[in-house]
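Protein chains get the first letters and strands the later ones, always in sequence-line order, with residue 1 at the start of each.
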Amino acid sequence: MAYDHRDIEKKAREKWAGLDLYSTDLRDESKEKYYLLTEFPYPSGDLHIGHWYAFAVTDIYARMLRACGKNVLYPIGFDAFGLPAENAAIKNGIDPKEWTYANMARMREQLVSMGASFDWSKEIVTCDPSYYQWTQWLFTKIFEHGLAEHREASVKWCPKDQTVLANEQVQEGCCERCGTPVEEKRLTQWFLKITDYAKRLIAGLETLPWREEIKEAQRAWIGESEGAKLRFDLKPDSQGRTLGSIEVFTTRPDTIFGATYVVLAPEHALLRQGFAGQALKNQKEVDAYIKATSKKTERERNENKEKTGVKLEGVTAINPATKEEIPVYIADYVLASYGTGAVMAVPAHDERDHEFAKKFGLPIRSVIKPTNWIVYTADGRRISIDELSEEERQNLFAHSPSFASAPILNPGILINSGEFTGKNSEEVKWDMVKYAGGEKTTQYRIRDWLVSRQRYWGCPIPIVYDREGKPHAIPSEHLPWLLPTDVDFKPTGKAPLASSKELKERVTKIFGEGWTPEYDTLDTFVDSSWYFLRYLDHKDAHDFSDAALMKSWLPINRYSGGSEHTTMHLLYARFFTKVLYDLALVPVDEPFMERFNRGLILGPDGQKMSKSKGNVINPDEFVQKYGADAVRIYLAFIGPYNEPGSYPWNLDGVASMRKFLERITRLVEKHAVVSPVHTVPERMQQMIARASVKVAQDGDRFKFNTSVSALMILVNELEVSTTVPKTVLQYLVIMLAPFVPHLAEHLWEKLGGEGSVHKQSWPAEYVVTAAQEVEVVVQVNGKRRGVITLATNISEADATTAARTLPTVSVALGGKEPNRVVYVAGKILNLVV
RNA sequence: GGGCGAGUAGCCGAAUUGGUACAGGCGCAUGGCUUAGGACCAUGUCUCGCAAGAGGUGGGGGUUCGAGUCCCCCCUCGCCCACCA
């Protein structure tokens with residue numbers, strides 16, 4: 001064994017513990033600041049390979065930045081509230097707090113053992129009252145500014161976890177945590193009004209140099225649609241009493257003349273209010289449909305796309321454009337939570353409406369004629385549909401099933417549309433809105449952020465209710481509003497805090513008889529929406545952070561994390577920052593300058609790791625056998641870290657890195673003793689200079705795979721040299737240090753280096769000098785015909801003359817004169833004949 | 001169904017702006033050193049060809065002196081969203 005990694009890694013960590021290498025002085029103005037953030041972990045217990053990938057590789061960059069002279073803030077903490085602790089409590093009878101703190105203790109040790117250079121002096125823990133006091137304080141500020149609302153709405157409910165979920169936490173109709181199909185419930189809950197910020201959340205993306213796919217995913221999630229609100233009045237009943245009106249949202253107001261019925265979501269408010277206090281003629285049938293819908297899970301509602309619905313007998317709407325009386329339906333294909341919860345149905349120009357109309361035998365009226373449609377006539381000619389006569393067109397529609405059965409979705413020329421007939425639908429769209437008495441609006445797909453959770457292990461919502469049930473923010477002098485401990489955790493569908501006697505007594509004592517507490521806790525995503533602000537001033541008991549430090553350290557330079565947070569945490573954190581910016585609490589309105597989503601480590605079989613597939617890699621095995629350093633550098637080498645790709649774990653990968661490290665150790669041992677310090681030959685200066693630039697540049701791009709490759713090339717080059725000066729070896733070790741911090745420390749000592757290798761500067765003594773001569777590829781007509789070595793400053797004419805002396809070139813030219821020469825200095829010379 | 005991204009050797013992957021396609025590694029092969037080695041060292045490793053050379057980045061077309069890179073069509077895979085009016 002060339003080196004004993006257990007001994008080396010242990011000794012290195014002991015050495016660092018005595019040196020306090022990574023406590024960042026936030027007020028040091030002498031160096032350029034760099035705030036490098038990596039998503040803080042949930043204390044689940046053990047570090048799996050994903051944790052290693054997240055923390056070890058980002059750590060490499062933190063170390064590189066320090067070596068390059070930056071004042072680096074690289075903090076860590078724990079996102080410590082959450083369901084697993086509570087589930088463990090229910091299952092094993094352990095206190096969630098104990099469970100969480102025990103896990104954190106274990107994970108701290110593991111994080112240290114991977115050689116991560118976190119600044120532990122600034123650690124935050126979201127379940128600690130000193131932290132959640134400020135989560136609560138910020139919530140009260142948001143509440144006071146009207147951006148937190150307590151209101152009744154249809155919400156997603158997970159029957160297994162017995163709690164509501166945010167829209168973002170529902171995936172394919174199932175609970176993001178446990179996979180149980182979610183249900184819809186009508187509940188009064190707390191919402192943060194993220195929809196008020198939808199426009200700015202989209203606009204803000206423009207200013208960020210993020211990967212386009214991340215921005216696009218956020219834009220799609222926010223889902224901006226421009227359209228109109230139109231009012232369909234209901235026809236008064238036989239006694240002349242008004243029945244009100246139905247407001248719809250549409251992106252296609254140009255099709256208003258084709259609206260032949262109106263559809264309400266089964267949860268629509270009108271159905272609860274009733275129609276002038278009168279029962280519908282088929283009230284029973286309608287009620288049964290509403291009830292059946294409410295029983296369905298979201299998944300059931302989506303899976304069966306066969307259209308269902310019921311006509312509201314006795315209610316008639318009036319199309320505001322045609323003034324026609326049209327029927328009103330309820331159907332579950334219309335969602336209560338989008339737009340106004342009602343649509344005008346235009347079966348001729350919308351697929352869903354078309355399907356529904358066919359099933360219920362409703363009139364389908366075309367109001368748009370497509371333009372520039374290329375069709376094939378019976379005799380095989382290709383012509384535009386515009387060139388057909390009306391008769392031919394009708395004939396085509398009658399005989400072509402696709403024309404007859406499919407709605408026309410594109411805009412075109414209006415037909416059957418009163419005074420708008422013959423006009424271009426896109427051009428007169430907004431005039432038609434005016435004509436129909438509607439107004440232009442923008443609708444967003446994103447829903448307000450539901451933050452109430454009927455669970456125990458979370459931040460208590462800092463709200464109390466007065467005798468009338470009106471919510472009030474808990475004044476700051478009573479914060480932190482402590483999570484009670486006399487609580488029954490068992491999920492019953494009611495918030496566990498409701499079982500706390502202490503909490504009720506606390507409220508009575510402070511606010512008076514008749515006042516009641518809020519029993520729900522906050523979604524843990526609220527805790528993590530501002531944690532990066534707290535690192536700057538993690539102990540402050542008087543403020544959530546430090547204004548001066550926020551000014552000098554924000555925005556965060558680079559944020560590294562997982563792509564699963566693109567439309568959750570990342571969106572929430574941006575929203576929070578914008579709100580706090582508006583409240584003049586933070587100095588920036590975008591928190592993260594750069595964002596990098598790392599990829600996924602797959603099992604050796606190329607499949608996603610899972611216990612059931614038996615392809616789970618346990619990092620500890622590899623750490624024990626080959627050392628933390630070998631695992632670190634393998635993870636750096638496995639693939640580019642700047643794109644969310646997925647990389648299969650190569651079972652020989654860590655071993656091969658270990659071999660590389662052993663070769664380095666032998667190289668250092670061989671030359672450290674025999675070669676005294678002497679001048680570094682030009683050739684080696686160039687080797688070091690090239691590696692230094694390449695490793696650092698690729699590190700900046702989060703392409704550690706090619707950084708490692710550059711180090712391998714350097715080692716390969718040095719291995720074949722008979723003598724290697726100590727200076728060169730020291731530079732090599734300094735460049736290795738971010739990747740293999742323990743071994744580098746050991747080798748640094750072997751080389752007689754002073755202090756710690758992690759205090760050394762990145763090699764910058766040598767610069768890559770421009771070569772005097774360079775190899776240029778010679779092409780004839782774009783085909784490679786040879787290579788010549790030319791002075792870098794040679795003229796095109798001289799280069800051409802030189803190239804033509806090559807036999808292969810003169811053969812290829814065949815005696816002809818080139819009529820064009822393309823010369824890219826230092827790269828290529830192309831003779832075109 | 002919609003959106004986004006990606007397809008380069010047996011495998012992971014290199015190739016800043018269009019400029020020598022396959023760097024680095026894994027695996028494999030041959031040889032050396034060894035009692036032995038799953039250790040170490042050396043050499044080789046896209047295809048055809050003795051060679052000169054020719055072909056080659058999912059398939060087909062195009063732009064260009066020159067295309068992995070840009071444009072159009074198609075195929076496959078991955079991720080996200082999914083009755084959003």
Side-chain angles (χ1 to χ4, degrees), chain A residues 1-2 171-173 211-217 219-221 223 225 227 248-252 255 263 265 301-307 331-335 337-346 349-353 355-356 443-447 563-564 566-567 597 600 602 604 606 608 634 637-640 643-653 655-657 659-660 662-663 666 697-698 701 703 705-713 715-716 719 775-784 786-787 808 811 818-833:
Chain A
M1 192 181 285
Q171 281 170 6
E172 290 175 25
R211 282 175 74 92
E212 199 49 42
E213 70 198 74
I214 304 177
K215 296 205 248 183
E216 196 48 44
R219 280 189 210 111
W221 184 262
S225 310
V248 303
F249 172 75
T250 179
T251 54
R252 293 296 303 278
T255 62
V263 190
R301 204 166 151 173
N302 287 341
E303 254 170 15
N304 187 3
K305 299 213 169 162
E306 179 82 5
K307 296 284 177 288
D332 67 0
Y333 80 92
V334 175
L335 306 175
S337 49
Y338 184 75
T340 61
V343 301
M344 65 175 210
V346 185
H349 305 288
D350 181 278
E351 280 178 329
R352 297 149 301 186
D353 299 341
E355 207 183 310
F356 190 85
Q443 192 65 48
Y444 295 92
R445 201 196 78 110
I446 194 171
R447 311 291 201 268
S563 54
E564 70 275 18
T566 302
T567 52
N597 280 358
L600 201 66
L602 304 176
K608 212 168 173 171
Y634 173 60
F637 190 63
I638 200 167
E643 46 191 80
S646 48
Y647 310 104
W649 179 267
N650 183 340
L651 285 169
D652 296 315
S656 81
M657 290 299 130
K659 282 185 203 164
F660 174 56
E662 285 174 3
R663 275 167 56 206
R666 283 198 297 273
Q697 265 181 5
D698 289 353
R701 296 195 292 149
K703 293 209 52 158
N705 54 332
T706 49
S707 288
V708 174
S709 152
L711 288 168
M712 286 173 168
I713 291 168
V715 170
N716 289 348
E719 265 180 339
E775 288 198 332
V776 172
V777 171
V778 181
Q779 298 180 334
V780 176
N781 287 333
K783 290 227 173 203
R784 189 178 184 276
V787 181
T808 47
V811 168
N819 51 34
R820 189 175 162 191
V821 175
V822 181
Y823 180 53
V824 181
K827 280 182 181 156
I828 216 149
L829 178 74
N830 189 11
L831 307 176
V832 187
V833 288

Are any of K783(A)'s side-chain N or O atoms less than 4.0 Å away from OP1 or OP2 of G55(B)?
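Checking G55(B) against K783(A), a side-chain N or O does come within under 4.0 Å of OP1 or OP2.
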Between I828(A) and A217(A), which has a closest nucleotide on RNA chain B that is more 5'?
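In this pair, the answer is I828(A).
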Given RNA chain B, 5'-ward residue of the pair T706(A) and R820(A), judged by closest heavy atom:
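That would be T706(A).
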Would you classify [X] as touching base, sugar-phosphate or nothing, given that sugar-phosphate means primed atoms plus P, OP1 and OP2, and contacts are heavy atoms under 4.0 Å?
X	value
Q779(A)	base
K703(A)	sugar-phosphate
I638(A)	sugar-phosphate
D353(A)	nothing
R447(A)	base
Q697(A)	base
N830(A)	base
I713(A)	sugar-phosphate
T566(A)	nothing
P644(A)	nothing
V334(A)	base
V832(A)	sugar-phosphate

Salt bridge E643(A)-K703(A), side-chain N to carboxylate O under 4.0 Å:
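No, E643(A) and K703(A) are not salt-bridged.
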Could K659(A) and E662(A) be called an ion pair, given the rule that one side-chain N must be under 4.0 Å from one carboxylate O?
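Salt bridge between K659(A) and E662(A), a charged N being under 4.0 Å from a carboxylate O: no.
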Taking atom types as they are modelled, would you say the side chain of K659(A) forms a donor-acceptor pair with the base of C40(B) within the 3.5 Å cutoff?
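Donor-acceptor pair under 3.5 Å: no.
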Return one dot-bracket line describing RNA chain B 5' to 3' (Watson-Crick or G-U wobble pairs, both distances under 3.5 Å; ( ) same strand, [ ] crossing, | another strand, . none).
(((((((..(((......[....)))((((((.......))))))(((....)))..(((((..]....))))))))))))....
Which nucleotide in the set [options] lies at the smallest distance from any side-chain heavy atom of [X]?
X	options	result
R784(A)	C40(B), U20(B), A85(B)	U20(B)
N716(A)	C81(B), C83(B), G25(B)	G25(B)
Y647(A)	A54(B), G13(B), A14(B)	G13(B)

Side-chain donor or acceptor of Y647(A) paired with backbone N/O of P640(A) under 3.5 Å
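At least one qualifying donor-acceptor pair exists.
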